[in-house]
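Everything below concerns the one structure shown next.
Along the sequence shown, residues carry numbers from 1. Because the structure is a prediction, the values reported are computed rather than measured. Numbering of ligands and ligand atoms starts at 1, following listing order.
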Amino acid sequence: MTEPKLRPSDITPEELVQAHKSSRRSFLKSAALTAAGAAGFGGGLITLSTKRGVVRPPDVSTLPALSVTPASSSAAPFAASLAADDELTSVEDITTYNNFSEFGLDKGDPAENAGSLKVRPWSVVVDGEVEAPKTFDIDRLMSSFPLEERVYRMRCVEAWSMVIPWLGLSLGALIRSVNPTSRAKFVQFTTLLDREQMPGQRTGVLDWPYREGLRMDEALHPLSLLAVGLYGRTLPNQNGAPIRLVVPWKYGFKGSKSIVRITLTEKQPPTTWNSAAASEYGFYANVNPSVPHPRWSQASERRIGDLTRRPTLPFNGYAADVAELYAGMDLAKYF
Ligand code: MTE
């Protein structure tokens, strides 16, 4: 695995950099060292401030509306967690402040550049340790499983957060529909690999395609969602159209965007950020205020839209639902 030229910390919002002045010099040095490698991104790497205000928010009202089937929620026992009572983040912020490195490194780049991503036709292969591997056309997938609205907090490893009203289908329901074998212990998510459509993939900042993974019990947990929409409409490209993973108790980088393959495996699969820098980005990536990132604290976060920081909650506030998945594990070791 080659050393990554980019880390999420390299694209950390400026206020975080300011808050960690002691590491700022090395941060800037690292940004400068990697600038050459990022030339294909149009110099986005060392543009530390976001382009919010410059980026024209995409008109999401033109995206097709989606209907939900709330009565069928597979996660009914977790009702309290399905609708975070925090104030929703604005649709403008959700759709113009993004991480999607296939489309650039500045927070505004995905909104500017992802419009060209062709999201139809699109299919998702579900294979590996399953008795009935299947290739789903995205529209069939969306009509075969009930779509539910889930208002979840999203906590990025960079210490900012949002509250997003997703629309999606239960990941567990999809997995169960292909009959996992007894050897299935993990699930790997693979994102589209297409250097023509995704300019970031023409650079070596990450090992493409973007990949993530979960343990089977995490994937089958009722809170795990495959999102196909937000704010009542089809998912905007910059948020991972046509289908992306949402695991609300984990750092946002677990949420692979524009998924084309879901593979059940016997062994823990390699994942993009963990392969890039294992000491900084664990496989588990559970939100944990008491395990700092090697270069900054994870004890607090800035909710996008707020001026002040707030404490970060263990498992992003979903501990009552998911902490038991990790009973007996040393969460500082398996971070
Ligand atoms: N998925 C892909 N394919 N490429 C990425 O660069 N970035 C991750 C995750 N999924 C990323 C990705 C990171 S670091 C975060 S915080 C979330 O997407 C951001 O999701 P959002 O832009 O919809 O808020």
Option of least heavy-atom distance to atom 10 (N) of ligand 1 (set: Gly255, Gly240, Gly200, Cys156):
Gly255
Looking at ligand 1, does Glu212 have a heavy atom less than 4.0 Å from it?
no
Dump the intermediate steps for salt bridge (charged side-chain N to carboxylate O under 4.0 Å, His left out) on Arg303 and Asp86, then the final yes or no.
CA-CA 10 Å; Arg303 182 68 49 86; Asp86 316 34; 3.1 Å; yes
What do we get for Glu102 next to ligand 1 when only non-hydrogen atoms under 4.0 Å count, side chain, backbone, both or neither?
side chain
Taking Thr271's backbone N and O only, do any of them form a donor-acceptor pair with Tyr281's side chain (distance below 3.5 Å, no angle check)?
no
Please determine whether a side-chain nitrogen of the Lys or Arg among Arg295 and Glu280 lies less than 4.0 Å from a carboxylate oxygen of the Asp or Glu.
yes
Quick one: look at Asn99 and ligand 1, take heavy-atom pairs under 4.0 Å, and tell me if it's side chain, backbone, both or neither.
both
Short question: side chain of Ser297, backbone of Pro292 - any donor-acceptor pair under 3.5 Å?
no
Is Trp273 close to ligand 1, meaning an N/O of one under 3.5 Å from an N/O of the other?
no
Criterion side-chain contact (heavy atoms from CB on, under 4.5 Å) on Lys254 and Phe283, from CA distance to verdict:
CA-CA 9 Å; Lys254 296 299 283 183; Phe283 174 81; 4.2 Å; yes
Run the side-chain contact (heavy atoms from CB on, under 4.5 Å) test on Ile243 and Leu235 for me, step by step, so that the C-alpha distance in whole Å, both residues' side-chain angles and the decisive distance to 0.1 Å come before the verdict.
CA-CA 8 Å; Ile243 185 163; Leu235 207 56; 5.9 Å; no
Quick check against the 3.5 Å criterion: does Trp122 have a side-chain atom that pairs as donor or acceptor with the backbone of Val260?
no
N or O pair under 3.5 Å between Tyr97 and ligand 1:
no
Does only the side chain of Glu158 get under 4.0 Å from ligand 1, or the backbone, or both, or neither? Count heavy atoms.
neither
Can you tell which part of Tyr210 has a heavy atom less than 4.0 Å from ligand 1: side chain, backbone, both or neither?
side chain
Report yes if some N/O of Trp160 lies less than 3.5 Å from some N/O of ligand 1; otherwise report no.
no
Quick one: does Lys257's side chain have a donor or acceptor within less than 3.5 Å of a partner on Asn99's backbone?
yes
Against heavy atoms of Ser101, which atoms of ligand 1 measure under 4.0 Å?
5 (C), 6 (O)
Within the 4.0 Å heavy-atom cut-off, what Met154 brings close to ligand 1 is side chain
